[in-house]
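Residue numbers begin at 1 in each chain, while the letters A, B, ... track the order of the sequences. Since the model is a prediction, treat every value here as computed from it, not as a measurement.
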Amino acid sequence: MTTCYVTTPIYYVNDRPHIGHCYTTLVADVYARFQRLAGGADVFMLTGTDEHADKVVTSAAAHGTTPQEWADRNSEEFRRAFALMGVAYDDFIRTTEPRHKVKVAEYISALMKTGDIYRGEYTGWYDEGQEEYLTETAAKEANFHSPINKKPLVRRTEPCYFFRLSKYQERLLGLIASDAGFVRPDSRRQEVLGRLRQGLNDVPVSRPVTDDPATQWGVRIPGDEAHRVYVWIDALFNYLSVVDTPQRQRLWPARVHFLGKDILWFHAVIWPALLLALGKGLPGTIYGHGWWISEGEKMSKSMGNFIDLERLRAYTERFGLDALRWYLATQGPLGGGDADFSHAKFVETFNADLANGIGNATSRVGNMIDKYFGGVLPADDGVALVPDAASGFDGTSVRGTFEWKGLCAAAAGRVRACLETQDLEGALRAGTGLASKVDLLINVTRPFTIAKRADAEAKRQLGAILYQCAEALRVASVLLSPALTTGMPKLWKTWGCEPAAGATLEALSAFGGEHALMPGQRITKGEILYMRADAAAAFPAAGV
RNA sequence: GCCGAGGUAGCUCAGCUGGUUUAGAGCGCUGGAUUCAUAACCCGGAGGUCGGCGGUUCGAGUCCGCCCCUCGGCACCA
């Protein structure tokens, strides 16, 4: 069985969870759910927290607690955030866990053995007051004086461990240039290629351990207690450390790493180089998505317009979790640019796709089955369907135009194709497309008009139409379920069509196939799945 | 400064290696039709000099040059 290992970055535990963290994690979740739905692969989704930064120690001290307790507390916030988003991860890694730290030390040792990590010297501009180095640029801008206490910076050299990144330049260049899917989206791939061509320097992978407690946090360089693994390197290894066990080895290499564009360089260049050095397989895709902006403005703490957890929670409470997941998944910055989180657009999207789309379609079909057949699903006996004269139908035959077996198979095919490129919106459109088609069939055949006739032929037509509508919507609901984790299960319950576990995408979406709705089964009307929202209604949390 | 992406209907965007005649989709807006449904669904419309100028060509959003604008990356980020 093939595997599909999906990851999010591990999040900096000093941050408060916000839309950025939630978005990346949701994308991974929807993608993983789609893959589980697709069947045939062993899907595993990982997220977690990055806890070895110096600031974790200082923040903990500032809050009168220990680094570990501080990390425990904040890591829990991320779990809560992802629970709010309805994310179903398979594991949650924390870099302070022994299972991770042990592996990091092993990897570093292995790389020291091969010479890919070597002891060298770092020279830079040191601010003695702040006990930190400034970058060449920052030092120059400060006129080589401390920006804090104004004392002159000193040129300082100290031992440091480096990773021989330069050695992998050509291989990485060849890899990224030849494999269009390795770094996505393509605009990011171009950026990486451009920067790669400018050359690579070896990168420091350690930082010194001093008397300062903040420097004593993290993983030590094996065999040299005076140095610890630079937190970024420590963090990158999480993807491997979690599955580097006898039971989980099969999961490597990862199918896709989802991350924000800010950390693309580490993931697209340094990480693959580390893996090459370790002799490990390379991930299939490094996906660097863009940012969310808020109501057209860049989000910033100073502006106070950050879309935080409270704001997201307000959206789920007002419009439902599905509404939020749908908006993020279909309108998000998965492509090259950034995306705008705007209240008006949120409501428009919710109304157009969920309320007026799948929600309304299931409502009208469920209602007609209830009204005309007492809630018992009729059969399609193959009777000829006649278009209503007033509908303006211009096809040659109704059954030819609404050839559901083919339409549903095509929809499933489209989902699979979209998954190849992590195109979540495209995959979800396969489902909304089917729902739209159902609306069309109703308009063309007008079952509510046929229902006014008393003859047997009318009853047969009515049954055929409604069966087709219901069964097509069943397929649509399956295809939409990776995003709509609340509403679709609700529908399945009232319609009695919970998808069988373990079935493949093709089997579940086969119209009239083995998982089809059965004539004679109960179709309960059920409650309205997505109530249309008023875009003009005040929404305090949106700041409008 | 260097590298890259992009500027197409109110909004978000499709338009691959130039020629399916009057440049498309979705949403929004508007007119109509309809009532099974959540004022939903369906049909039609509104007409955007395809950033600007010049060029190549029988013919260019689609190629070339210059210019304007937006955005992203980089400037050895210990």
* Of the listed nucleotides B:A78, B:U35, B:C76, the one nearest the side chain of A:Tyr122 -> B:A78
* Asked: For the pair made of CH2 in A:Trp326 and C1' in B:C27, what is the distance, rounded to whole Å?
  -> 14 Å
* Closest-nucleotide 5' rank along RNA chain B - winner of A:Asp338 and A:Glu348 -> A:Glu348
* To do: Indicate, with a heavy-atom threshold strictly under 4.0 Å, whether A:Leu440 touches base, sugar-phosphate, or nothing.
  => sugar-phosphate
* To do: Decide yes or no on side-chain contact (heavy atoms from CB on, under 4.5 Å) for A:Tyr122 and A:Thr157, but give the supporting numbers first.
  => CA-CA 5 Å; A:Tyr122 176 81; A:Thr157 294; over 6 Å; no
* Asked: Cationic tip of A:Arg474 within the cone over A:Trp495's six-membered ring, i.e. under 6.0 Å and within 45° of the normal?
  -> no
* Using the C1' atoms only, state how far B:C3 lies from B:C76, rounded to an integer number of Å. => 16 Å
* Whole-angstrom distance between B:G52 and B:C13, as gauged at atom C1' -> 23 Å
* Asked: What nucleotide among B:C27, B:C41, B:G73 has an atom nearest to a side-chain atom of A:Glu191?
  -> B:G73
* To do: Could you check whether A:Thr432 gets within reach of a base, just the sugar-phosphate, or nothing at all, counting any heavy atom under 4.0 Å?
  => nothing
* To do: Identify which nucleotide among B:A39, B:A37, B:A78 has an atom closest to any side-chain atom of A:Met531, counting heavy atoms from C-beta outward.
  => B:A39
* To do: Scan A:Arg197 against the nucleic acid and name what it touches under 4.0 Å (heavy atoms): base, sugar-phosphate only, or nothing.
  => nothing
* Nearest-neighbour nucleotide for the A:Pro204 side chain, B:C76, B:G4, B:A78 considered -> B:A78
* For A:Tyr126, report the nucleic acid contact type (base, sugar-phosphate, nothing); a contact means any heavy atom under 4.0 Å. => nothing
* Between A:Trp292 and A:Asp338, does any side-chain donor sit less than 3.5 Å from a side-chain acceptor? -> no
* To do: Give A:Ser363 one of three labels, base, sugar-phosphate or nothing, depending on what nucleic acid heavy atoms sit under 4.0 Å from its own.
  => base
* Atom pair distance, as rounded to whole Å: CZ in A:Arg184 and C1' in B:A5 -> 18 Å
* Asked: So, is the end of the A:Lys345 side chain (NZ or CZ) under 6.0 Å from the ring centre of A:Tyr327 and within 45° of the ring's axis?
  -> no
* Same-atom distance (P) from B:U49 to B:G59, integer angstrom -> 23 Å
* Among B:A78, B:G72, B:C76, the one nearest A:Lys261 by side-chain distance -> B:G72
* Asked: So what's B:G45 paired with, Watson-Crick or G-U wobble, going by both distances under 3.5 Å?
  -> B:C29
* Asked: With a non-hydrogen cut-off below 4.0 angstrom, is A:Asp439 in contact with a base, only sugar-phosphate, or nothing?
  -> sugar-phosphate
* Looking only at side-chain N and O atoms, does A:Arg195 come under 4.0 Å of OP1 or OP2 in B:C74? -> yes
* Looking at every strand, decide which applies to A:Asn356 at a 4.0 Å heavy-atom threshold: base, sugar-phosphate, or nothing. => sugar-phosphate
* Structure fact -> From CD1 of A:Ile442 across to C1' of B:A33 the rounded distance in Å is 17 Å
* Nearest-nucleotide 5' precedence on RNA chain B, A:Lys345 against A:Thr362 -> A:Lys345
* To do: Describe the nucleic acid contact of A:Gly359 in one word from base, sugar-phosphate, nothing, applying a heavy-atom distance below 4.0 Å.
  => base
* Write down the partner of B:C66 under the Watson-Crick or G-U wobble criteria, each distance required to be under 3.5 Å. => B:G52
* Asked: Under 6.0 Å from the six-membered ring centre of A:Phe373 and within 45° of its axis: does the NZ or CZ of A:Lys459 meet both?
  -> yes
* Sticking with atom C1', work out how far B:U12 lies from B:U22, rounded to a whole angstrom. => 25 Å
* Gap between atoms CG and C1', on A:Asp423 and B:C13 respectively (whole Å) -> 13 Å
* To do: Write down the distance separating the P atoms in B:C63 and B:C27, rounded off to the nearest Å.
  => 30 Å
* For nucleotides B:C67 and B:G45, find the distance between their C1' atoms and express it as a whole number of Å. => 38 Å
* To do: Pick base, sugar-phosphate or nothing for A:Arg429, based on heavy-atom distances below 4.0 Å to the nucleic acid.
  => nothing
* Asked: Rounded to the nearest 0.5 Å, how far apart are CD of A:Glu170 and CG of A:Leu196?
  -> 9.0 Å
* Structure fact -> Looking only at B:A37, B:C3, B:U34, the nucleotide nearest the A:Phe448 side chain is B:U34
* Asked: With a non-hydrogen cut-off below 4.0 angstrom, is A:Gln331 in contact with a base, only sugar-phosphate, or nothing?
  -> nothing
* Using whole Å, report how far CG of A:Asp186 lies from P of B:G72. => 19 Å
* Structure fact -> In whole angstroms, the gap separating C1' of B:G72 from CG of A:Leu334 amounts to 17 Å
* Value in whole Å for how far the P atom of B:A37 lies from CG of A:Leu441 -> 17 Å
* To do: Could you tell me whether A:Pro447 contacts a base, only the sugar-phosphate backbone, or nothing, with contacts defined as non-hydrogen atoms closer than 4.0 Å?
  => nothing
* To do: Provide, to the nearest angstrom, the distance between the CG atom belonging to A:Asn360 and the C1' atom belonging to B:A40.
  => 4 Å
* Asked: With respect to the phosphate group of B:A40, does any side-chain polar atom (N or O) of A:Arg532 fall under 4.0 Å of OP1 or OP2?
  -> yes
* Asked: With a non-hydrogen cut-off below 4.0 angstrom, is A:Glu425 in contact with a base, only sugar-phosphate, or nothing?
  -> nothing
* **Syn/anti state for B:G61 [syn: chi within 90° of 0]** => syn
* Can you find a pair of side-chain heavy atoms, one from A:Phe258 and one from A:Gln422, that are under 4.5 Å apart? -> yes
* To do: Measure from the side chain of A:Asn443, starting at C-beta and using heavy atoms only, and say which of B:C43, B:C41, B:C36 lies closest.
  => B:C41
* Sticking with atom P, work out how far B:G32 lies from B:C69, rounded to a whole angstrom. => 47 Å
* Distance under 6.0 Å and angle within 45° of the ring axis: does A:Arg156 meet both against A:Trp125? -> no
* Would you call A:Asp179-A:Arg184 a salt bridge at under 4.0 Å N-O? -> no
* Asked: Nearest of B:A78, B:C3, B:G4 to any side-chain atom of A:Gln198?
  -> B:C3
* **B:U34 and B:A39, which share atom name C1', separated by this distance in whole Å** => 13 Å
* Given B:U35, B:C36, B:G4, which nucleotide is nearest the side-chain atoms of A:Arg446? -> B:U35
